Protein chains: 2
Amino acid sequence: MNIKFAILGFLSWRPFSGYDLKKIFAQSQSLYWSGNNNQIYRSLVQLHQEGLLESEIQLQENNPARKLYTITALGQSALREWLTSQPEPPQLRNTFLIQLAWADQLDDKELEKLLVVYEEELKLQLLIHTERERRGSPNPARTEREKCLWRMISQNWSAVYQNELSWVHQLRSELRKFSGQTEPKERKKDHE
Amino acid sequence: MNIKFAILGFLSWRPFSGYDLKKIFAQSQSLYWSGNNNQIYRSLVQLHQEGLLESEIQLQENNPARKLYTITALGQSALREWLTSQPEPPQLRNTFLIQLAWADQLDDKELEKLLVVYEEELKLQLLIHTERERRGSPNPARTEREKCLWRMISQNWSAVYQNELSWVHQLRSELRKFSGQTEPKERKKDHE
DNA sequence: GTTGCCATGTAAGGTGTTACATGATTTA
DNA sequence: TAAATCATGTAACACCTTACATGGCAAC
């Protein structure tokens with residue numbers, strides 16, 4: 001999957017310029033792309049070449065001209081086909097798990113600190129996400145059902161972070177069983 | 001983060017050849033790379049150039065020679081530094097969420113089918129993961145603490161899939177409230 | 001005699017990122 | 001005068017993927 005279908009999706013609402021889309025992507029978290037120019041402008045050109053979009057130049061006073069892109073019938077049907085296509089499973093790429101895989105080389109304190117820092121990072125991300133959702137999405141939400149979908153998409157993100165947080169808690173409590181065994185020279189202290 | 005630290009991690013256990021590593025990556029799920037040659041062999045060359053690895057050619061009878069890579073002291077300290085570095089939050093890239101964002105264009109049946117198919121996909125992935133974990137990991141697990149870490153890494157994957165599954169269930173039950181309202185020609189039914 | 005394993009490596013391309021370039025207008 | 005916004009686009013590069021190339025040996 002690439003960003004093209006997300007662009008088609010937005011253009012199925014109404015026409016946008018590349019600059020509009022760039023801002024939308026930059027704002028949104030669920031649309032996880034960075035919103036960089038390169039990708040968006042090139043995608044628009046390609047979609048246009050494939051006949052999925054039409055473009056129209058809008059002249060403005062005091063501001064540079066903008067290229068408004070409109071979805072074509074072909075684009076609509078391409079979008080619809082993608083919508084009903086086999087969904088991919090989520091891509092789970094968590095660098096931290098790989099860090100953990102060799103974290104037995106750290107002593108108890110270092111490991112505990114790593115987990116605490118990861119937990120803080122997760123909390124921060126959760127906060128950023130909820131804050132971003134609070135200040136309006138660029139989402140017209142024309143029907144109740146669409147509102148429901150968008151609410152659940154946002155909730156998916158929260159749920160993932162919360163799931164991760166509770167996993168970290170479990171891990172920390174599991175690891176407490178081993179504390180004091182890393183430096184076998186020292187004798188064990190009671191739960192420090 | 002890139003694959004190099006994962007490679008350093010394995011070599012901190014014992015020397016491996018590129019071919020060994022390729023197989024390890026291909027087997028493992030938590031190490032989410034595909035295990036393709038290009039990346040592994042080039043990473044090994046680069047790590048070698050950076051002085052983090054030493055290589056030694058092992059001649060064999062009946063089989064082609066292999067290059068055994070050994071981690072250097074510099075490599076060990078680079079690994080250790082990475083292990084204690086600021087952990088990144090998980091990268092959440094779930095294409096399905098983007099598919100859902102415009103799924104209001106589908107009718108009730110199509111949408112329900114999409115969710116069912118996604119659920120099946122998740123169950124399948126969960127199964128594949130647990131099956132892969134069941135048949136031995138390439139993990140020596142020298143200490144109890146390391147065993148615990150690897151167990152929790154594997155459990156993280158299960159937890160993520162299960163979290164996703166319960167989210168789909170919730171979504172499906174939410175959507176049942178709207179069924180029958182997709183064709184607006186029909187008159188509106190009670191509470192809206 | 002084709003397929004598969006061992007073991008190395010390269011080519012080509014997809015996807016995404018940051019940073020740069022231009023040039024006018026508005027705001028501090 | 002410096003910066004931010006509007007609006008377009010390009011350059012360079014990082015990372016990752018599939019597929020190809022070679023070549024001997026073993027198994028069916």
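It should be emphasised that the depicted structure is a prediction, and the values quoted were computed from it without experimental measurement. Scope of the values below: all heavy atoms of this structure, side chains included, with no hydrogens, waters or symmetry mates. Here is the naming used below: chain letters follow the sequence lines, and residue numbers restart at 1 for every chain.
- One finds a side-chain N or O of B/Lys67 lying less than 4.0 angstrom from the OP1 or OP2 phosphate oxygen of C/dG9.
- Atom NZ of B/Lys22 and atom C1' of C/dA7 are 9 Å apart (whole Å).
- Contact annotation: the side chain of B/Leu149 approaches that of A/Leu175 to within less than 4.5 Å [non-hydrogen atoms, C-beta and beyond].
- With respect to the salt-bridge test (charged N to carboxylate O, under 4.0 angstrom), the residues B/Arg142 and A/Asp104 do not qualify.
- Look at B/Trp33 and you won't find any side-chain N or O under 4.0 angstrom from OP1 or OP2 of D/dT17.
- Rounded to a whole Å, the CD1 atom of B/Ile40 is 13 Å from the C1' atom of C/dA7.
- Contacts between residues 48-63 of chain A and DNA chain C, counted as heavy-atom distances below 4.0 Å, involve A/Asn62.
- Put simply, OH on B/Tyr32 is 11 Å from P on D/dC15, counting in whole angstrom units.
- Of the possible donor and acceptor atoms, one in the side chain of B/Asp20 sits under 3.5 Å from a partner among the backbone N and O of B/Ser17.
- Salt-bridge formation is not detected for the pair B/Lys109/B/Glu112: no Lys NZ or Arg NE/NH1/NH2 atom is positioned less than 4.0 Å from an Asp or Glu carboxylate oxygen.
- Here the closest non-hydrogen pair linking B/Trp157 and B/Ser30 is CZ2-CA, 3.5 Å.
- A salt bridge between A/Glu110 and A/Lys113 is absent, with no side-chain N of the basic residue lying under 4.0 Å from a carboxylate O of the acidic one.
- Between the P atom of C/dT15 and the CD1 atom of A/Ile7 lies a distance of 12 Å, rounded to the nearest Å.
- Side-chain N/O atoms of A/Asn36 include one lying less than 4.0 angstrom from OP1 or OP2 on C/dT17.
- In this structure, of D/dT8, D/dT17, D/dC15, it is D/dT17 that holds the atom nearest to the side chain of A/Arg93.
- A sub-4.0 Å separation between OP1 or OP2 of C/dT17 and a side-chain N or O of A/Ser34 is present.
- The salt bridge (Lys or Arg N to Asp or Glu O under 4.0 Å) check on A/Glu174 picks up A/Lys177, B/Arg151, with sequence neighbours excluded.
- Looking at which nucleotide of DNA chain C each of A/Gly35 and B/Val45 is closest to, the 5′-most match is held by B/Val45.
- A 4.5 Å side-chain heavy-atom check between A/Gln125 and A/His129 finds every atom pair outside the cut-off.
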Distances for protein N or O near nucleotides 20-23 of chain C N or O, under 3.5 Å:
none

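- The residue among B/Tyr19 and A/Asn38 whose nearest nucleotide of DNA chain C is located toward the 5' end is B/Tyr19.
- The nearest whole Å value for the distance from the CG atom in B/Leu44 to the P atom in C/dT8 is 9 Å.
- Residue A/Tyr41 has a polar side-chain atom (N or O) positioned under 4.0 Å from OP1 or OP2 of D/dT8.
- For B/Arg42 and D/dC13, the CZ to P distance is 14 Å, given to the nearest whole Å.
- In this structure, B/Gln46 atom CD and D/dC13 atom C1' are separated by 13 Å, rounded to whole Å.
- In this structure, A/Trp13 and B/Trp102 have tilted ring planes: the angle between them lies in the 30° to 60° band.
- Side-chain contact check for B/Tyr118 and B/Glu164: at least one donor-acceptor pair (N or O, by modelled atom type) lies under 3.5 Å.
- Within the structure, a side-chain polar atom (N or O) of B/Gln39 is placed less than 4.0 Å from OP1 or OP2 of D/dT17.
- Between the CG atom of B/Leu21 and the C1' atom of D/dC16 there is a distance of 17 Å, rounded to whole Å.
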